[in-house]
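Before any comments, here is the structure.
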Amino acid sequence: MTDRLNQYMNELPLIAILRGITPQQSESVVEALYAAGFRIVEVPLNSPDALDSIERIAKQFGGDMLVGAGTVLKTDQVTQVKDRGGQMIVSPNTDVSVIQASVAQEMVTIPGAATPSEAFAGIAAGAHAVKVFPAEMITPSILASWRAVIPASAGLLPVGSINHTNMADYWQAGASGFGLGGSLYKPNLSLGDISANATKLAWSMASTMKS
C-alpha cells in the first residue's frame with residue numbers, strides 16, 4: 001500500500017478531502033476528481049454516512065485510487081474503514097494507538113501534527129506521512145524549520161486553507177504534497193465547479209513541481 005502512496009504522490013501529490021459529501025454524490029464527484037488527475041481521496045468520518053461513501057468509492061475506484069477516511073480518532077474506526085474497503089487513515093491529531101492500528105491492518109496512515117514533537121512521535125509510531133495541521137498557523141517559514149530537522153523520507157502534507165495561490169510557497173519550504181478541502185470541494189458546489197476546481201488545482205500543482 002505504501003508503494004501506491006508513493007506512486008500517486010509522485011504523479012500528483014494532492015489528497016482530496018471530501019468533507020460533507022453524501023453517498024449519493026460520492027461516485028460522480030470522485031469520477032470528476034479522477035479525470036482531473038487526483039488519485040488519493042479521503043472522506044472525513046464526520047460526513048453524512050461516511051462509511052457508505054467510502055464503500056461506494058472503494059468499490060468503483062479502489063483499484064486505481066487510494067481511498068480512505070479522514071478525522072479518524074479511534075482504533076475501532078480504523079477497523080470499520082478497513083471493512084468498507086478503505087486503504088488509508090488520516091487523523092487531525094497524533095494518536096499513537098490509531099497509527100499502530102492502521103499499520104497493523106496494512107493501511108496507509110497519515111496523522112496530524114501541529115508541532116515537530118508530534119510529527120516525530122507519529123513517524124516513530126509508523127506514520128507514512130504527516131498531515132501538517134492546521135496549516136493556517138504553520139507558515140511556509142515555520143514549515144522550512146520543520147523540514148530542516150525531520151527526515152527527508154517523511155512526507156509533510158500541509159492541510160488547511162491550501163489553494164492555488166499558496167501551494168508554491170509551501171512546496172519551496174519543503175512540503176511533499178497537500179490535502180485540499182474547501183478550495184476543491186464543498187457540498188453545495190455543482191459538479192462542474194468541483195471539476196473546474198480540481199483541474200485548476202492539479203494544474204497549479206503540476207506547474208509548481210516543474211518550477
Side-chain angles (χ1 to χ4, degrees), residues 1-21 23 26-27 29-30 33-34 38-114 118-133 150-151 153-160 175-181 184-185:
M1 202 62 70
T2 55
D3 289 343
R4 291 181 64 195
L5 173 66
N6 293 334
Q7 175 191 340
Y8 295 151
M9 290 294 287
N10 287 334
E11 293 173 3
L12 185 70
L14 298 176
I15 299 176
I17 303 171
L18 305 182
R19 188 175 305 280
I21 199 166
S26 60
E27 291 152 311
V29 167
V30 175
L33 299 180
Y34 185 88
F38 282 74
R39 294 296 181 269
I40 310 175
V41 59
E42 67 165 91
V43 177
L45 289 185
N46 55 1
S47 303
D49 301 313
L51 292 171
D52 290 344
S53 292
I54 291 167
E55 184 172 24
R56 288 191 183 205
I57 297 167
K59 281 184 177 178
Q60 185 164 343
F61 300 97
D64 300 306
M65 300 182 79
L66 194 57
V67 181
T71 319
V72 180
L73 305 176
K74 301 177 182 178
T75 56
D76 62 329
Q77 293 175 326
V78 175
T79 302
Q80 292 168 3
V81 173
K82 176 80 169 182
D83 288 346
R84 297 296 190 100
Q87 308 151 330
M88 178 180 69
I89 296 296
V90 182
S91 301
N93 59 332
T94 306
D95 187 320
V96 169
S97 65
V98 170
I99 298 168
Q100 292 174 337
S102 306
V103 172
Q105 300 208 47
E106 299 183 339
M107 302 173 77
V108 169
T109 178
I110 306 175
E118 291 177 346
F120 277 114
I123 294 165
H128 300 107
V130 175
K131 172 182 175 177
V132 181
F133 177 79
I150 291 174
S153 58
L156 295 178
L157 310 174
V159 178
S176 309
F178 303 95
L180 300 173
L184 174 65
Y185 170 83

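Residue numbers count from 1 along this sequence.
Minimum heavy-atom separation, Pro44 to Thr71: CB-OG1, 3.5 Å. Heavy atoms only, all atoms of each residue included: Ala58 and Gly85 are closest at CB-O, 3.6 Å. Nearest heavy atom pair, residue Met9 against residue Pro13, reads O-CB, 3.2 Å. Closest approach of Ser176 to Gly155, counting heavy atoms only: OG-CA, 3.3 Å. Contact record, Pro48 with Pro23: O-CD, 3.7 Å, taken as the closest heavy-atom pair.
Between Asp64 and Arg39, every side-chain heavy-atom pair lies at or beyond the 4.5 Å cut-off. The side-chain heavy atoms of Met88 and Met107, taken from C-beta on, include no pair separated by under 4.5 Å. Taking 4.5 Å as the limit, some side-chain heavy atom of Val98 sits within range of a side-chain heavy atom of Val72. Counting only heavy atoms from C-beta outward, the side chains of Asp52 and Arg84 approach each other to under 4.5 Å. At a threshold of 4.5 Å between non-hydrogen side-chain atoms, the residues Val130 and Ile123 count as touching. In this structure, the side chains of Phe38 and Leu184 come closer than 4.5 Å at one or more pairs of heavy atoms. Between Pro151 and Phe120, the closest side-chain pair of non-hydrogen atoms falls below 4.5 Å. Counting only heavy atoms from C-beta outward, the side chains of Leu45 and Ile54 approach each other to under 4.5 Å.
With Gln7 contributing its side chain and Asp3 its backbone, the two residues share no donor-acceptor pair below 3.5 Å. Under a 3.5 Å cut-off, the side chain of Gln77 and the backbone N or O of Leu73 do form a donor-acceptor pair. Counting only distance, with no hydrogens or angles, the side chain of Ser47 and the backbone of Gly20 share a donor-acceptor pair below 3.5 Å.
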Would Val43 and Ile57 count as a side chain to side chain contact (heavy atoms under 4.5 Å, CB included) here? Give the steps. CA-CA 10 Å; Val43 177; Ile57 297 167; 3.8 Å; yes
Worked verdict on Gln87 versus Met65 for side chain to side chain contact (heavy atoms under 4.5 Å, CB included): CA-CA 9 Å; Gln87 308 151 330; Met65 300 182 79; over 6 Å; no
Working note: Leu14 + Ile40, criterion side chain to side chain contact (heavy atoms under 4.5 Å, CB included); need CA distance, chi angles, decisive distance, verdict. CA-CA 7 Å; Leu14 298 176; Ile40 310 175; over 6 Å; no
Worked verdict on Phe178 versus Ile15 for side chain to side chain contact (heavy atoms under 4.5 Å, CB included): CA-CA 6 Å; Phe178 303 95; Ile15 299 176; over 6 Å; no
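Atom NZ of Lys59 sits about 11.5 Å away from atom OG of Ser26, to the nearest 0.5 Å. To the nearest 0.5 angstrom, Leu33 atom CG is 10.5 Å from Leu12 atom CG. A distance of 10.5 Å separates CD1 in Ile99 from NE2 in His128, rounded to the nearest 0.5 Å. Once rounded to the nearest 0.5 Å, the distance linking CG of Leu157 with CZ of Phe133 reads 13.0 Å. Interatomic distance, CD of Glu27 versus CD1 of Ile21, reported as 9.5 Å (0.5 Å rounding). Rounding to the nearest 0.5 angstrom, the gap separating the OG1 atom in Thr109 from the NZ atom in Lys131 is 11.5 Å.
Here Asp95 does not pair with Lys74 in a salt bridge; the nearest charged N to carboxylate O distance is not below 4.0 Å.
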